[in-house]
Amino acid sequence: MNDNEITAPTNFIRQIIDRDQASGKHGGRVHTRFPPEPNGFLHIGHAKSICLNFGIARDYPGGMCNLRFDDTNPHKENQEYVDAIKADVRWLGFDWEQRLFYASDYFEQLHGFAVELIEKGLAYVCDLSAEETRRYRGTLTEPGMPSPYRERSPAENLDLFARMKAGEFEDGARVLRARIDMAAPNINLRDPTLYRIRHGVIHHQTGEQWCIYPMYDFTHPISDALEGITHSLCTLEFEDHRPLYDWVLDNISIDCHPQQIEFSRLNLQYTVVSKRKLTQLVSEGHVDGWDDPRMPTIAGLRRRGYTPAAIRTFCERIGVTKADNSVEMGILEACIREDLDAHAPRAMAVLDPLKVILVNYPEGVVEELQAPCHPKDEGMGSRTLKLTREIYIDRADFREEANKKYKRLVSGGEVRLRNAYVIRADQVIRDAGGEIVELRCSYDPATLGANPEGRKVRGVIHWVSASEGLPAEVRLYDRLFNNPTPDGDRTVASFLAHINPDSLRVVRTAVVEPSLAGATPGEHYQFEREGYFTPDGRSDDGRLVFNRTVTLRDSWARIEQTV
RNA sequence: UGGGGCGUCGCCAAGCGGUAAGGCACUGGGUUUUGAUCCCAGCAUUCGUAGGUUCGAAUCCUGCCGCCCCAGCCA
């Protein structure tokens, strides 16, 4: 393989499409769709589907991808979710152009196809209760029993279905069912429900126009066909539904038959990617909302400081297969570090301040120093640092004694202040309790942009002026769960048992360099030696607030443990 | 014990009968005013397993084992 060759995304679905293109299937068209149900926020698993569907549309000549809300269950859905989903898809960098659809756009047509099935004797109105229906369905190993209403005439079914639509029956009193095979080994084919009655709900798109709502298995294939979808991509759990998808299209008068292809959903370690569980985290207050930076939602990742490019890279890296998977967080983290390392301007922030007085530095002087915003990208310009007699360094960057592996400040030792001078620790000041409260250091005026002669400094540490620095609140996030598969543990009652109590640490004492005064949400910074951070508005008392996106890789952490 | 899927390095994943890509992680070494980045090197005689077909099998066939999904008037 050539060095410069970029491996284009390849997966079994694209291979199928390649073959279809070669054979002229679908007239050479490639048309996909992303069909979320607006009953929650999009999460990283949806991002995989979005990147797959929109990515295919982008990469094939004339390819298109629709955004379609699968809104057939008004009970759980609402406009807030519709709006959030649209915003998230756009933010991820994808465009459905003029093709924004709702399954509810097709309610009239769907109804017409249901009537057609009834007329053909392929659907019937069933009066069994939900409970009875379940009993009649049989089990995984035993065939079901035909409903007593299965042999109703088309005329009677037509009449009953019309009255269902007219609102004559209560919720649950009757349903419309496909008439397929009650003994089918595939349970989905045992006369599945096509329509149910739902009174008193206001659908976010159709209001109170309907009191009967079509089921997914009936709606989805028809919606796909109506939109001219060529490849209908969905997750593995729908594999068993494919015969039904095909049955619907084979038995109604429609001239398009998309191909359903299933792929495995994403499982991300140390989190949950199930809308039900994410909803529970939000509704029970375990997190602050759908956009809590610990959530694997698109909104949460955005607020955490993830970029669309990083998420897209991630989706490309994890690939698309039919194998069950459990993706390590490390892959997602590597993607965001890669993006931010190249694009985030650098800054200095001290999270756990320890005051340092530069005893030989003049009082009252504010020295302006220029520092590059990026060590490798001069185009990113520079910012002004302000050095004063009193500064802060991080408590972890000083030790009274340490072996040679410790490359920071030690008593009597020298270290460089990043982008500034070399200093030497001369004296440690303690409070009554013996805790170190201040360091007296001397700086070497000859070391600005130059190494000291004849000596070697141990390392480089970051700092912020005590008087010129800005107070800030920094939120340090960790994994939301302390178990790699919180929802796969059958020994606990609920995945909630694995919530990490330390997933959020709020640091209110941080001080950041003055150039960050105008930092705004949506920006990304690398706080040197600390990690990547993104502004998150202001605290109640007006302090800057930063969310930690991800730490820097830290090989010292490992070394330190072995010392 | 019905039906549908899946099993290639710690994780993800190429491979599609010609003799195991790549990424993440990990381990060494180099550069470095971020213990970051970057660079260089190492990291599956083996593809769930047992047979078979073949000059040749991760790729084809058969058996076995393991894991996932399905009994909503959810999607």
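Letters go in sequence order (proteins before strands), and every chain restarts at 1. Predicted model, so just to flag it, every value in this text is computed and none were measured.
- Taking atom CD1 of Ile261(A) as the reference point, atom C1' of G4(B) lies 17 Å away to the nearest angstrom.
- With both pairing distances under 3.5 Å, C24(B) is matched to G10(B) as a Watson-Crick or G-U wobble pair.
- Rounded to an integer number of Å, the gap from Asp217(A) CG to A71(B) P is 11 Å.
- Atom P of nucleotide A75(B) and atom CD of Glu237(A) are separated by 13 Å, given to the nearest angstrom.
- Note: CG (Asn267(A)) to C1' (C69(B)) measures 12 Å, nearest angstrom.
- Residue Arg196(A) has a polar side-chain atom (N or O) positioned under 4.0 Å from OP1 or OP2 of A75(B).
- Within the 4.0 angstrom heavy-atom criterion, base atoms lie near Phe238(A).
- Counting any heavy atom pair closer than 4.0 Å across all strands shown, Asp70(A) reaches sugar-phosphate atoms only and no base atom.
- OP1 or OP2 of A13(B) sits under 4.0 Å from a side-chain N or O of Thr321(A).
- Judged by distance alone, the side chain of Asp105(A) and the main-chain N or O of Phe101(A) form no donor-acceptor pair under 3.5 Å.
- For C6(B), the OP1/OP2 oxygens have no side-chain nitrogen or oxygen of Ser264(A) closer than 4.0 Å.
- Dashed line: the shortest gap from a side-chain N or O of Arg137(A) to OP1 or OP2 of C73(B) is under 4.0 Å.
- Between Asn188(A) atom CG and G3(B) atom C1' there is a gap of 10 Å when expressed in whole angstrom units.
- Taking the 5.5 Å centre cut-off and the 30° plane limit, the aromatic side chain of Trp556(A) is classed as stacked on G35(B).
- Using a 4.0 Å cut-off, no side-chain N or O of Gln269(A) falls inside it from OP1 or OP2 of C24(B).
- At a threshold of 4.0 angstrom between heavy atoms, the contacts of His220(A) with the nucleic acid are absent.
- Note: Tyr532(A) and His343(A) fail the aromatic proximity criterion, with ring centroids not under 6.0 Å apart.
- A sub-4.0 Å separation between OP1 or OP2 of U37(B) and a side-chain N or O of Arg553(A) is present.
- In G72(B) the base sits syn relative to the sugar, since the glycosidic angle is no further than 90° from 0.
- Counting any heavy atom pair closer than 4.0 Å across all strands shown, Arg346(A) reaches a base atom.
- Within the 4.0 angstrom heavy-atom criterion, base atoms lie near Ser129(A).
- Among the heavy atoms of the strands lying under 4.0 Å from Pro375(A) is at least one base atom, whether or not backbone atoms are also near.
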